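Working notes, structure below.
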Amino acid sequence: RAVPERSSPVPALQWSPFHAMKLASGAHDGTVSLWDAGSAAQATLQHAFTQHVASCVSVQWSAVNHHLLVSAGRDGCIHFYDVTKLLLVRSFYAS
């Protein structure tokens, strides 16, 4: 399936281990996006988190909690998101 073109490179991608058609991406502009790849020939953006102030270099789904997504950025931050409620749950900052 095709993902719509973005203006910022996307160094981080991961499929959900619980939902076969859900994809998370992290972009150089810091955006963490949730995509639905099951509804059409092209993935649909479900939500974009914008907490990072620098490049997002990693996204990781929890292996035990289907609601939890984690991102890490060059800003020294690790963010935890509830993807069901579309909320930032917690953040850790490098000092």
Side-chain angles (χ1 to χ4, degrees):
R1 296 190 188 271
V3 175
E5 189 174 321
R6 290 191 49 90
S7 59
S8 179
V10 178
L13 288 171
Q14 190 179 54
W15 291 102
S16 168
F18 298 102
H19 305 286
M21 294 298 161
K22 189 169 282 194
L23 177 69
S25 67
H28 275 299
D29 67 4
T31 304
V32 175
S33 300
L34 299 176
W35 302 90
D36 178 2
S39 60
Q42 189 172 36
T44 304
L45 178 65
Q46 290 186 316
H47 189 75
F49 296 101
T50 57
Q51 279 75 26
H52 286 292
V53 295
S55 178
C56 177
V57 295
S58 179
V59 291
Q60 181 72 44
W61 293 94
S62 169
V64 295
N65 182 340
H66 70 277
H67 300 286
L68 188 63
L69 176 69
V70 181
S71 68
R74 293 201 187 276
D75 54 4
C77 299
I78 298 173
H79 297 299
F80 292 77
Y81 309 96
D82 181 323
V83 298
T84 303
K85 296 179 182 176
L86 302 176
L87 296 173
L88 176 67
V89 176
R90 185 144 194 195
S91 296
F92 293 96
Y93 301 92
S95 54

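All values below were derived from every heavy atom in this structure, side-chain atoms included, with hydrogens, water molecules and symmetry-related copies excluded. Note that the coordinates shown come from a computational prediction; the quantities given were computed from them, not determined experimentally.
- Within the model, atoms CD of Gln60 and CG of Leu68 stand 10.0 Å from one another, a figure rounded to the nearest 0.5 Å.
- Distance alone, capped at 3.5 Å, is enough to place a donor-acceptor pair between the Ser16 side chain and the Phe18 backbone.
- The distance from atom NE2 of His47 to atom NZ of Lys85, rounded to the nearest 0.5 Å, is 14.0 Å.
- Nearest heavy atoms, Lys22 versus Gln46: CE-OE1, 3.6 Å.
- Minimum interatomic distance between His52 and Ser71 (heavy atoms only, all atoms of both residues): NE2-OG, 2.7 Å.
- Nearest heavy-atom pair, Val10 versus Leu13, reported as atom, atom and distance to 0.1 Å: CG1-CD2, 3.9 Å.
- Ala48 and Ser33 get closest at one heavy-atom pair: CB-OG, 4.2 Å.
- A pairwise comparison of heavy atoms in Trp35 and Ser25 identifies NE1-OG, 2.9 Å as the closest pair.
- Residues Ser91 and His79 share a closest heavy-atom pair of OG-ND1, 2.6 Å.
- Separating the OG1 atom in Thr31 from the CD atom in Gln51 is a distance of 10.0 Å, to the nearest 0.5 Å.
- Put simply, NE2 on His67 and CG on Leu87 are 12.0 Å apart, with the number rounded to the nearest 0.5 Å.
- To the nearest 0.5 Å, atom CZ of residue Arg90 and atom CG of residue Asp82 are 15.0 Å apart.
- Using modelled atom types, one side-chain atom of Asp75 and one backbone atom of Val53 make a donor-acceptor pair closer than 3.5 Å.
- The line from CG of Asp36 to NE2 of His19 is 11.0 Å long, rounded to the nearest 0.5 Å.
- Hydrophobic clustering, defined by side-chain heavy atoms of Ile, Leu, Val, Met, Phe, Trp and Tyr closer than 4.5 Å, groups Leu86 together with Val32, Leu34, Phe49, Val59, Trp61, Leu69, Tyr81, Val83, Leu88.
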